[in-house]
Amino acid sequence: MPGLSFENYQRNQHLATSGFAVPKTTSTGTTIVGCKFDGGVVIAADTRATAGDIVADKNCEKLHCISSNIWCAGAGTAADTEMVTQIISSNIELHSLSTGRQPRVVTCLTMLKQHLFKYQGHIGAYLIVAGVDPTGPQLMSIHAHGSTDIGYYLSLGSGSMAAMAVLESKWKREMNKEEAMALCTEAIESGIWNDLGSGSNVDMCVMEVGKDSVLHRNYRTPNVRAQKERSYKFARGTTGILGQTVRNLVDVVEVPIANEEMEVDS
Amino acid sequence: MEQRPVNWGRPRDDIYGAYDHNIHNAAKMPTVHTQQPIVTGTSVIAVKFDKGVMMAADNLASYGSLARFTDQERLIPVGKDTVVGVSGDISDLQYVERLLEQLEIEENYDNDGHELKSSNIFEYLSRVFYQRRSKMDPLWNAVIVAGVEDGKPFLSYVDLLGVTYSSPTLATGFGAYLAVPLLRQVVDKEGDEDNLTEEDARKLIDKCMKVLFYRDARSIDKYSVATITSEGAKLEKNVKCVEMNWRFAEDIKGYGRTVA
Amino acid sequence: MSLQEALPDSALHSTASSVPIEHRFNPYSDNGGTILGIAGKDFAVLAGDTRNTTGYSINSRYEPKVFHVGDNVVVSANGFAADGNVLVKRLGQQIQWYHYNHNKELKLSSCARLVQHMLYGKRFFPYYVHTILAGLDEDGKGAIYSFDPVGSYEREQCRAGGAAASLIMPFLDNQVNFKNQMDPATNGTEPHPITYLSLEEVLQLVKDAFSSATERHIQVGDGLEILIVTKDGVRTEYSPLKRD
């Protein structure tokens, strides 16, 4: 049977009621944003991944490549954003091979929303999809249940409100690439500082009409760890020696070297 | 009046009929406390500046998702140099208002010129809120106390759980998500407020109230601003959000697939 | 013996089940943060981060939670901030009243027993806090007392409490009590001798413990406030932590 298997759902529900812990998923409790500008679109994300209150990854990648001209920022369950992006990436590649055209963002959006709607929200992927295609720069978002939105500026994730506050107060209709990049940086940093689910660095991807898309991995790194006060190198002998055995792995046989004359080419 | 000692003070059976013992033996109904807010006010926001504190709250009282009353004042001046901003249940707000009024009246009986300081009012409120949560009968509010005390700005928060904290920027409800990030861009840590003038603080508050109106579905574009300095508290009412930008919205068509 | 068995954890967490959930006012919340106490030969330190949170929000970047309550006793009650503040405030008042009634200082060991009674007094509606008491004992030696929410307590050399306690405690076991360490001088045949750390070393450990907890726990950060108790009194040191 294709698709996800739900055969253990009832069993797990029963185990949960009898007090067994439900396995935790890594969530990218995240800030992601996107913003259009004259001749392109930019998306950005923070780089913190969390499992409950613990930081699971301090520098994870939330910007996923769907095709050379379409990128996607993901919030929600890390595995879901990763897998759904990969599936659609493969299908988009096949689609563009079969049609012989450059893939479009709407195609991608439609495939994603139909896939997510089919799973009724059980695939916890919240995505901002952006790219440049023959119809120009595009910026869209999808929720796990399959609803979509379009806009000039968007934000998603646990830090979406901190980011949106910045976007709402600084966004303007006419912006160039540099202004859009600065706005997205500021919006992500707003999430990094004010939302506990977001942190560490800013990743960014710029997609411009007629140009290759550029990924700025760790575009800003405002959270470099300071030098520790002490060195925690252990002195030799700190580890207890419980026992000692020495085994010979090879027998050493002494062979006298015959004193032969070296052959010399004539 | 019944003359037998056991029945002293009780209505006479021959006049009022026998006592209906079903009343006494009736099953006890559980005491029902406030378990959810009914008519509510949304965020209160506040920021310190070089010479005092500024606080704002909009004038909407919502009934669920209904915008029920559009002229609700939620900033309560107490004494000369304190203002209490209240969000959450409006009936509890009015009760808190009465408590504070009573507190002020009793303080003034002595007529010794002594006034309650902001920290006194805050301490009182935080104890009331903590006591009520401990009785499992909370006052369903989040409150910000703003004032000037000994020439220095005072700003503290208390909510229905009795949780208290202070910061140079504070907000309740949605404001904690939308306004605080903007306020912290200007005043991030203790001492940053020294570089913020009253004029700039006002612009900042207006910006935050505008963003809240854009994005908080339980807000309205009409609000009050309280400015407290060592000169006293000033309450400006019926301020409107200005220079809003909704123009671009009509260019957004559909939700992805549809192209007009 | 479990220190935690007394906790009604169903009060905070709802379990996943198909049974209808009764909607009821929850009188508790979690305000995050972490505290850490270490005792030395003639000093004790009690440190706490200054971040106060609810959910994914930072309420305040500087809200102190370690307090000097008089008589060279410092205390912190970490967990539900409203309960913590009330407990600390009551303890401070009790010490004051002890002075009025007896005109002498309250011993640290007596103070610890008092805290036990204050916590157990609310056995069936507990103060939702992990409490740590630091000061000097009758011999002038550094002492740390740590309490569970309903008053079970113990005197220890060091203890971490709050959100990142489980991250810091193993580090302390290794670096303060030299657990899992052999003496390098004996080439790993004898256990590391238990020695007192100097104040300077202790402060370094505290700072590294907190900067590391900040890296891996979302509720820890913003600032670190260390209260240092010596025979000369209580002194405070502040150092910044990462704010993300």
field: Engaged part of Thr110(A) at the chain B interface, taking heavy atoms whose separation is under 4.5 Å
entry: side chain
Tyr153(A) and Phe248(B) aromatic ring geometry - parallel, tilted or perpendicular at 30°/60° bounds: tilted
message: If you compare all heavy atoms of Ser169(A) against all heavy atoms of Leu182(B), which two are closest, and at what distance to 0.1 Å?
response: OG-CD2, 3.6 Å
statement: Ranking Met164(A), Lys172(A), Gln138(A), Glu186(A) by heavy-atom pairs under 4.5 Å to chain B gives rank one to Met164(A)
- prompt: Which atom names give the shortest non-hydrogen contact between Gln185(B) and Val166(A), and what distance separates them?
  reply: NE2-CG2, 3.7 Å
task: Verify side-chain contact (heavy atoms from CB on, under 4.5 Å) between Met161(A) and Phe174(B), making sure each step is shown before the conclusion.
output: CA-CA 9 Å; Met161(A) 290 201 274; Phe174(B) 241 77; 3.6 Å; yes
message: Can you confirm whether more than 12 heavy atoms, excluding those of Arg225(A), are under 6.0 Å from its CZ atom?
response: yes
Contacting region of Tyr177(B) [heavy-atom separation from chain A under 4.5 Å]: both
- line: Interatomic distance, OH@Tyr255(B) vs CG@Leu109(A), rounded to 0.5 Å, equals 10.0 Å
task: Quick one: closest heavy-atom pair of Asn245(B) and Trp171(A), and the distance?
output: ND2-CZ3, 4.2 Å
- prompt: What do you reckon, is CZ of Arg202(B) surrounded by more than 12 foreign heavy atoms closer than 6.0 Å?
  reply: yes
message: Is it true that, when you exclude Lys36(A) itself, more than 12 heavy atoms of the residues, nucleotides or ligands shown sit nearer than 6.0 Å to its NZ?
response: yes
task: Against chain B, label Lys113(A) side chain, backbone, both or neither, depending on which of its atoms sit under 4.5 Å from a heavy atom there.
output: side chain
query: More than 12 heavy atoms of other residues, nucleotides or ligands under 6.0 Å from CD of Glu178(A): is that the case?
result: yes
query: What do you reckon, is OH of Tyr219(A) surrounded by more than 12 foreign heavy atoms closer than 6.0 Å?
result: yes
message: Taking atom CE as the centre, does Met244(B) end up with more than 12 heavy-atom neighbours from other residues, nucleotides or ligands that are less than 6.0 angstrom away?
response: yes
- prompt: Under the 3.5 angstrom rule, does the side chain of Ser190(A) hit a backbone N or O of Pro181(B) as a donor-acceptor pair?
  reply: no
- prompt: Heavy-atom count around Gln120(A) CD within 6.0 Å, excluding the residue itself: above 12?
  reply: yes
- prompt: Non-hydrogen atoms of chain A under 4.5 Å away: do they reach the side chain of Leu178(B), the backbone, both or neither?
  reply: both
query: What part of Asp188(B) is in contact with chain A, defined as an atom under 4.5 angstrom from a non-hydrogen atom: side chain, backbone, both or neither?
result: neither
statement: Residue from Lys210(B), Arg184(B), Arg247(B) scoring the most non-hydrogen pairs under 4.5 Å with chain A is Arg184(B)
field: side-chain contact (heavy atoms from CB on, under 4.5 Å) between Arg215(B) and Glu168(A), worked out
entry: CA-CA 9 Å; Arg215(B) 235 65 213 205; Glu168(A) 285 290 7; 2.5 Å; yes
- prompt: Is the NE2 atom of His95(A) crowded by more than 12 outside heavy atoms at less than 6.0 Å?
  reply: no
field: Heavy-atom check, side chain of Asp251(B) versus side chain of Arg173(A), under 4.5 Å
entry: yes
